[in-house]
Amino acid sequence: MKANIGLIGLAVMGQNLVLNMSDHGYKVAVYNRTAAKTDEFLTGPAQATQIIATYSLQELVKSLESPRIVMLMVKAGEVVDHYIEQLSPLLQAGDVIIDGGNSLFTDTNRRTEALRKKNLRYIGAGVSGGEEGARHGPSIMPGGNPDAWPLVKPILQAISAKVDYEPCCQWVGDAGAGHYVKMIHNGIEYGDMQIICEAYQLMSEGLGLSSDQMQAIFAQWNQGKLSSYLIEITANILSYKDEDGSPLLDKILDTAGQKGTGKWTGINALELGIPLTLIGESVFARCLSALKEERVTAAKLLPKSVKKFTGDQKSMIDAIEDALYASKIISYAQGFRLMREAAKEYNWTLNYGDIALLWRGGCIIRSGFLNNIKQAYSANPALENLLLAEFFVKAMQQASIGWRRTVILGVEMSIPTPSFSSALAYYDGYRCARLPANLLQAQRDYFGAHTYERTDKPRGEFFHTDWTGHGGKTASTTYNI
Ligand code: 6PG
């Protein structure tokens, strides 16, 4: 009997996806560049399964039923192109290649089109949930050539996480849309992680709480409006003790790594001109953390005056919970706003409510809060910004005071809160009917004759003033061709 699907790349995510498929009754053929790894897998975790080992791409392709489905679980970038190049001549019209890695969406755009010309169907699928998710049910965000979807839908939905019996795997959209949505997921992941880190530093350094005290607080927050996987694992991390009985967390070097998906999200936001400040600050916070030696030197030369917190601890902890919640709302509002712009720019039809549902289970950012987002888009699919939805208007009003107190605490105690405070600045800016950009426009016109619009004239009419009496009447836009 031939295999239903082939999978290339037996690193931990690949192995676990194969085992997951096998558990769901699919026959899987596997290939790995290093044959020893294939053997280890077959004699180890894949023992007593029907998984087929193959040792060349030819053998892999031959072992598959038609139309063939081959899933790549290899490093994003050139390696994906390499396998596509090697596989394409071995496949037949109508066969499907799925890339399940964290590929850049523009690469997926290009690959979908190139393979369409060869009559091959390409899918770029974001897969989230780490090792555990891959093994027991990830969130899957497939996009690409829609003709491929009916062929892969049963298997991808079977292996995905389920919430309320709904699979956390639905078609996202054409070309790179699936990988784009995964990129936004990762950006939001960066943001969620950073705001949790800010809460942790405020509580440990600012309020002087112990790991055990903070563990209890995070565990309690996980029962409320912040209930989410990342809050849950933070509580677990805080309670984890090293061999000597002290918290392991205290011994971990404070330099964050990153593989680039958060950076891509920020770059895309800049390209599309949509504020994505919380995620942007979260990426930069990782960059700042990486400058460890410089920071150690600066800590000596620019010492902080250490202040002791004297207020009501319980009420401050509640305020920090509010700051987390409000900042999280801002981050998702910014992320969804960016997706909206991307849909327009790249000609995708994205269903924002469905995207929220995709993220409810299996993935790293899974949380109860995504149901509120789904409801907001169900009530108004054309919603411009989540902050304008009734539920979030109220939530922001309720959390606002605590959020401000939290940012003030950080400022007073010299504890950095880049994401809490940039989110607050966005919130205050977004609800400002008049920003100081009038002055900015005047400055641009003053030094560069860049022109401005007037509040007492219709939009689209541009004016230039000779501010100094020495300039001419020619506006710089006059030079536009
Ligand atoms: C997921 C994650 C995953 C990501 C890691 C590491 O959804 O399962 O987003 O895809 O690669 O979280 O990302 P960084 O190394 O950039 O932190």
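Every number for a ligand or one of its atoms is a count from 1 in the order of the listing.
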J.: So, are R404 and D322 salt-bridged, with charged N and O less than 4.0 Å apart?
T.: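 Judged by the 4.0 Å cut-off on N to carboxylate O distance, R404 and D322 do not form a salt bridge.
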
J.: Just checking, is any N or O donor in the side chain of S246 or D244 under 3.5 Å from an acceptor N or O on the other one?
T.: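 Yes - a donor-acceptor pair under 3.5 Å links their side chains.
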
J.: What does the 4.0 Å heavy-atom contact list look like for ligand 1?
T.: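 Protein residues near ligand 1 are N102, S128, G129, G130, K182, H185, N186, E189, Y190, Q258, K259, R286, I364.
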
J.: What is the ring orientation for Y180 with Y346, classed by angle as parallel under 30°, tilted 30 to 60°, or perpendicular over 60°?
T.: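 Ring orientation, 0 to 90° scale: perpendicular.
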
J.: Does the Lys NZ or Arg CZ of R111 fall within the cation-pi geometry relative to Y122 - under 6.0 Å from the ring centre and within 45° of the axis?
T.: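 Ring-cation test returns no.
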
J.: Could you give all pairs that pass the salt bridge (Lys or Arg N to Asp or Glu O under 4.0 Å) test and reach residues 194-211, with sequence neighbours left out?
T.: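 Passing the test, one end in residues 194-211: no pairs.
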
J.: Give me the ring orientation class for F392 and F369: parallel if the planes are under 30° apart, tilted from 30 to 60°, perpendicular past 60°.
T.: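 Rings of F392 and F369: perpendicular, as their planes differ by over 60°.
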
